[in-house]
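Have a look at the structure below before the remarks.
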Amino acid sequence: MEKIDLKDFRFTGSTLGEIADLRTMDAADKAEMLMSGIDVEERDRAGTYLQVDHGRVHCKSLQQGVEVLDIKEALARYDGLPEYYWTQVDKDKDEFTRSAAGDLHGGYFIRTEKGAKIAEPVQSCLFLKGDMVGQNVHNIIIVADDSELHIITGCSVAHGSKGAAHLGITEIFVGKNAKLTFTMIHNWAETTVVRPRTGGVVDEGGVFVNNYVLLKPVKDLQSYPAIRLNGRGAVARFNSVIVAPAGSHVDTGSRIELNAPDTKGEIISRTIASGGTIIARGFIGGNAVPAKGHLECKGLILGGGVIHAIPELLGSVDGVELSHEAAVGKIAQEEIEYLMARGLDEEEATSTIVRGFLNVDIMGLPKELQDVIESTISESQKDMF
Amino acid sequence: MLRIEDLHVKIGDREVLSGINLHIADNETFILFGPNGSGKTTLLMTLMGFGNYEITKGRILFRGHDITHAPIYERARLGIGMSFQRPPTIHGLKTRHMVRMCARDSEIDVDALARKVNMDEFLERDVNAGFSGGEIKRSELLQLMAQKPYLLLFDEPESGVDLENMKLIGHTVREVLTGGIEPKPNSSMKQQLVLKRPVSGLIITHTGYILEYLNADRGQVLFNGHLCCEANPRNILDHISQYGYQECVRCLN
C-alpha cells in the first residue's frame, strides 16, 4: 500500500450549490449514481442527501418520521450533538479522522422518530466530481427506539476522474428494539483513495444489518467499521461482496463486540481478486454470555491477485460461542462439470457459480438495485476469466 | 440411441475400462450390475464426458453423433442426462433457478414439476445444500424432468434412500423413462406411444430395488473393466444375490 499524502488533494473551493431536481444532473453523473443505488427520480425513497465534492447539493426528507439534514445544519440546530458527534469514532485516530474533524465539508444527519417504521429507504450519495478533490464528510445515523430504517448510501466518482480522496466518518446509533439496514455501495475509480471510519452502538433488542458492495476498481481503500452490541439481545450482521480487479488495493473488514447477554454477531464476506489485492479482515469479540458470533470469509482468486483473510475471534468470558470459517481458493471443477452436465457451457457454468458465490440475494435489496448490482457483476466477470 | 465400441478408459495411469461394447436401443432400459470398483461409475462418467476419464481407444455414438470427445455440455444438449450420486452443493444458486436452467429454452412449470417429487419446499434453497440422500435423488430427478433427456444415466437410484422415498423415486424414474404415458380421453396410449420421443435408460444398481418399479429390458455385469453375462436383469440379480460375483471370475478366466 502506498502512503497517501493528503497534500496532493484540494480540500477547499469546490461547491456546486443547490440542485433542486436531481433529474437535471449531467447524464454521466446520473449513470454513476445509479450504479450506487441512487434513484434520481426519488421514487420509493423516504429521503435523499446528495453531496458533490465539498458541499451538499440536495437534501430532503420525503416522509414523516424521518429527519434528513446536512450535518452542518444539524450541528447548528442541536447544539453540536454532544451525545453523538465524535463519540463512536476517535477524532485523533489518524490523519484522516483529523482531516475530517478539522475541516468539515458536509455529510448527512439522519434520525427517525421513536416508533417510526420507515418502509422506503433513505438514499444518500457522496459524489466526487472535481479532479484531485479531497472530501471530508461526517455522517450521523440515529434510529430511535422501536423504529426501523433502511439507508442506501452510494459513494461515487465522476467518470474519467484523474484522482480523488474520500474521507468519511460515520457514527451509528441503533436504539432499543430498533432496526437499521445500512447498504453501502462503493463505485469508485482506479485513481480514488478512500478512508471511511465507521463506528456504532446497538442498544437492547436492536438489530443492525450492514451490506457492503464493492465491484468497481478503486486505487486504495481501507475500511473497518466497528459495532458494539451493548444492549441485551442486540444483533449485528455484516454482509460484504468485494471484487478487486488489477490495480485495486482493498483492505476491509468488520468488527463486532458482543458486550451484553444474548447478543449475536455475524460477519459474512465474499471476495474475488481478479488481479487486485484484498485483505479481508473480521473480528468478533465475545465479552458477555450467552453470546454467539460467527465469521465467514470466503475468497476466490480468478485471474491473478492476492487475498489475505484475517479472521479473528476473541473470547474473554466462560461460555462464549464464537466460530469462524475462512477459505481462499478457486472454483471447484466438480461444480463446473455438474452444471455443464445440465447443458451450461463452461462460461455459463462459471459465471453462475460466481454469481452464487457473491450471493447478493441475502442482502434483501430493492429489486432495481439488485438488478443494477447483478449487471455490474456480469460486466466485471469479463476480467475474471 | 447409444452405441459404445471397444471403449478403453484410463483414470490416471490405470486402465479401468478395457474394451466395452454396448448397444442400447431406443426406448430400452439397460441395467448395469457389478461389484464395487468394477468400473460402472467410470462408464457413466465417461459417457457424460468428465475430465478425469481419459478415452484411450474406441468410440461413443449417441443418436448418430460421435461424442467420444465432445464436451460435457454438448452431450447434455444432445440429450444425455445424468443423475449424480454425490452432486456438489452450489452455494447461492437456488434450486428453482437450477431447474429453470436445465430446461434451457423450453417453457416449464417449475412448481408443478417440484410437487411431483415433493421438492416444492426446496425450490428456494441452494442446490443440494444440506440435502439428505433421498432429497438429493429427488432434486436430481426434478432437474432431469426439466432437462428431458433422451438417455437417462442413473448411478444407484436406491443409495441412501428410505423405503418411502424409494417408491416416489422409482415411480418418477419410470415416468421420466416412459414420458408419462397414461390413458387420456383424447388420445389412446398407443397413439401417444407413436408420437412420443424415444427415451432410454442406463441404470446402475446394487440392490435391484429399482427393478420393482420399471420394466428393465436387459442387463449385464461389469467385472474388472469387462462387460459380461448378458441376461434378463431379474435373473442376473437372483444369481448375484445367491452366488455373488464369483461366477463372473470363472467366466472371465
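Within every chain, numbering begins at 1; the chains are lettered A, B, ... in the order of the sequence lines, protein sequences first and strands thereafter.
- The neighbour count for B/Glu15 CD, taken as heavy atoms of other residues, nucleotides or ligands under 6.0 Å away, is above 12.
- Rounding to the nearest 0.5 angstrom, the gap separating the CZ atom in B/Arg86 from the CD atom in A/Glu334 is 10.5 Å.
- Contact of A/Gln333 with chain B is not made at all, since no heavy-atom distance falls under 4.5 Å.
- Within the 4.5 Å cutoff, side-chain heavy atoms of B/Val127 are placed close to those of A/Tyr338.
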Decide side-chain contact (heavy atoms from CB on, under 4.5 Å) for B/Leu93 and A/Asn359; before the verdict, give the C-alpha distance in whole Å, the side-chain angles of both, and the deciding distance to 0.1 Å. CA-CA 8 Å; B/Leu93 176 62; A/Asn359 196 11; over 6 Å; no
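- Within 6.0 Å of NZ in A/Lys298 there are more than 12 heavy atoms belonging to other residues, nucleotides or ligands.
- For residues 68-76 of chain B, the interface with chain A (any heavy-atom pair closer than 4.5 Å) comprises B/Ile72, B/Tyr73, B/Ala76, sorted by residue number.
- Residues of residues 23-34 of chain B lying under 4.5 angstrom from chain A, judged on non-hydrogen atoms, do not exist.
- The structure places CD of A/Glu337 at 7.5 Å from CE of B/Met45, a figure rounded to the nearest 0.5 Å.
- Between the CG atom in A/Leu344 and the CE atom in B/Met98 there is a gap of 7.5 Å [rounded to 0.5 Å].
- The contact between B/Met101 and chain A is made by backbone and side chain atoms together, counting heavy-atom distances below 4.5 Å.
- Residues of residues 102-120 of chain B lying under 4.5 angstrom from chain A, judged on non-hydrogen atoms, are B/Cys102, B/Arg104 by number.
- Inspection of non-hydrogen atoms places B/Glu140, B/Gln143, B/Leu144, B/Gln147 of residues 137-152 of chain B under 4.5 Å from chain A.
- To the nearest 0.5 Å, atoms CD (A/Glu335) and CG (B/Asn128) are separated by 10.0 Å.
- Here the straight-line distance linking atom CZ of B/Phe84 with atom CZ of A/Arg342 works out to 5.5 Å at 0.5 Å rounding.
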